[in-house]
Amino acid sequence: MGIRPRDRRHSASLAVVLWAAGVIGVVVLVVGTAAITDLRLRRRIRALLDAEERRDPTQHAFGVLLAARSRFTTAVASYEQALSRQGARLPVGVGVDDVRPGDVVAEPGPELLAAEQAKDRARTELLDAQRLWAAAREHEHDVAEPTLPLWTARGVLVGANLGPVGWEHAVLRYTHLLDDDCWAVYALSRPRFGLALGAEVQRLGVAAAGVGTDGVESLTTLAFSGPEAAARPGLVLGRRWRWFRRSEPTRSAVAAQLADASVSRALDARSTGLSEEMRAAYAAEFGVPITPDLDLGLDRGLLGIHTKGPSLLLGAWTGPRPRVRLVAASNHAGWKPRA
C-alpha cells in the first residue's frame, strides 16, 4: 500500500519542523558558547587588573580613575536625556539649549531630580579619583617610551549575530617589539547590524608599525571599524590583513602569536622565544636590522591582523566605530591619562 498524499504532507511538515528545530538548537548552542567565552574573557581581565593592583599600587588609583570617568560620562548622558524629556514642560520661549545645570526653569520632575543627584555624585567621585591618582603619581615618573614605533599584539575576539543585530567584544595586549616591559591592554566592543547568523571565538595576532603609545588606540579603533562578511567555517571575507605588508616572515611570525592567544593566556606577558621570532620577522619585513634608532620612513600607521578560531557564522554586518578603552598598561609615557 502506497503512502497517501496526506501522510506525505505530514511527513514533509514534520521534517521541516525537525530541521528548523535542529538549526535553532545549533545556533543557540554556538551563541551560548560565545557568551560563556565572553564571560571568561571578562573574568580574565578582572584577574589581570587585580594582579596589577597587587604588583603596583598606582594601578589601583588608575583603575579607580577610569571607572569614575566612565560613571560620570554615563551620569551626564542620563541627565541630558532627562533634561530633554523635562523640556516638554519648559515655559514658553525657554528651550532645552538655554538650560544650564542648576537652573530652575520649571517644577523639575522626579526623574530629572534623580538624574541631577546622580550626576553630582558621579562628579564628586571623579574629583576624588583624580586626587587619588595625582597622589599616587606624585613620587612616580613615567618611563620614556621606546623611540622605534613597532608593536605586536595578541588577543581574543568574541562575536555573535542573531539576524539583524549582534555584538562583538575583543581584548588585545600590545607589546613593544624591543621592550617587553612596554605594554598595554585594550578592550573594545561594538554592536553589529546587518544580516548574519551564528557566532565566533577568534584568536588574534597583530603586527603594527608607525605609531607611538599615543596612537595605538586610534589605530586599533580604525582596524576594527567598518563592514565585515563571513562564510565560516572556511572563509573570512572582511577581517584579514589590513594596511600591512604581507611577506612570509611577517605572516608566519604573526600567526605564531595565535598559539598563545587563548582566553586564558592572551593577556599574559609575551614569551622570550616569541619576542625573538617577532624581531627576526620585522627585520626580514623591512630589510634592515631592527635597532632602537631605526627610521622606518612611514607616513602613516600600519596594522595587520591574523585570525584563527572556531566559528559558525554566515552573513554580513557593519556597526559604529568600536568603543576602545585602556584596561591596564606599563608605566610608559603616553599610555595613561593625566589627573
Side-chain angles (χ1 to χ4, degrees), residues 34 37-38 40-41 44-45 48 148-159 168-180 182-189 200-211 215-226 228 230 232-286 290 301-311 313 322 324 327-329:
T37 304
D38 199 356
R40 288 180 58 200
L41 196 57
R44 186 68 185 86
I45 292 174
L48 171 69
L148 183 64
L150 287 175
W151 307 90
T152 67
R154 61 186 179 184
V156 178
L157 180 143
V158 181
E168 67 182 42
H169 175 220
V171 178
L172 288 166
R173 179 181 178 121
Y174 282 91
T175 307
H176 191 269
L177 182 68
L178 299 182
D179 185 358
D180 288 357
C182 182
W183 59 271
V185 174
Y186 284 96
L188 61 97
S189 60
E200 59 180 335
V201 179
Q202 296 292 307
R203 289 173 289 160
L204 305 175
V206 175
V211 295
V216 169
E217 180 175 331
S218 297
L219 195 62
T220 303
T221 301
L222 290 174
F224 286 88
S225 299
E228 298 284 356
R232 288 196 292 264
L235 177 64
V236 184
L237 300 178
R239 191 192 304 119
R240 290 186 295 175
W241 286 87
R242 303 168 185 265
W243 316 331
F244 208 80
R245 307 171 192 182
R246 305 184 185 184
S247 71
E248 176 54 34
T250 301
R251 286 199 301 269
S252 298
V254 173
Q257 297 183 96
L258 300 179
D260 289 334
S262 63
V263 173
S264 60
R265 299 185 61 186
L267 304 186
D268 292 342
R270 190 174 61 193
S271 67
T272 301
L274 184 56
S275 295
E276 294 175 353
E277 184 174 357
M278 294 303 300
R279 284 194 290 270
Y282 273 87
E285 179 69 53
F286 288 97
I290 301 299
L302 302 176
L303 186 142
I305 304 175
H306 191 45
T307 65
K308 184 178 182 180
S311 67
L313 188 59
V324 180
V327 175

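Scope of the values below: all heavy atoms of this structure, side chains included, with no hydrogens, waters or symmetry mates. Note that the structure is predicted; figures quoted are calculated from it, not measured.
Residue Glu168 holds its CD atom at 11.0 Å from CD of Gln202, rounded to the nearest 0.5 Å. With values rounded to the nearest 0.5 angstrom, Leu222 atom CG is found 11.0 Å from Glu217 atom CD. Going from atom CZ of Arg154 over to atom CZ of Arg173 covers 7.5 Å, rounded to the nearest 0.5 Å.
Side-chain contact check for Pro322 versus Ser225: some heavy-atom pair is nearer than 4.5 Å. Counting heavy atoms from C-beta on, the side chains of Leu157 and Thr307 never come closer than 4.5 Å. Annotation: side chain of Leu178 is not in contact with side chain of Leu150 (no heavy-atom distance under 4.5 Å). Counting heavy atoms from C-beta outward, Tyr174 and Val185 have side chains that stay 4.5 Å or more apart.
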Exercise. Stepwise, does the side chain to side chain donor-acceptor pair (under 3.5 Å) test hold for Thr175 with Asp180?
Worked result: CA-CA 6 Å; Thr175 307; Asp180 288 357; over 6 Å; no
Problem set entry | Check against side-chain contact (heavy atoms from CB on, under 4.5 Å), Leu172 and Thr220 | CA-CA 9 Å; Leu172 288 166; Thr220 303; 4.1 Å; yes
Problem set entry | Pair Thr272-Arg270, side-chain contact (heavy atoms from CB on, under 4.5 Å): steps then yes or no | CA-CA 7 Å; Thr272 301; Arg270 190 174 61 193; over 6 Å; no
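Minimum heavy-atom separation, Leu177 to Arg279: O-NH1, 3.5 Å. Considering every non-hydrogen atom in both His169 and Ala187, the closest pair reads NE2-CB, 4.3 Å. Scanning both residues, Leu204 and Val156, for their nearest heavy atoms gives CD1-C, 4.1 Å.
In this structure, the side chain of Trp151 engages the main chain of Val211 through a donor-acceptor pair within 3.5 Å.
None of Thr221, Val216, Val327 except one satisfies the side-chain contact (heavy atoms from CB on, under 4.5 Å) rule with Tyr186; the exception is Val216.
Aromatic pair Trp183/His176: ring centres not closer than 6.0 Å.
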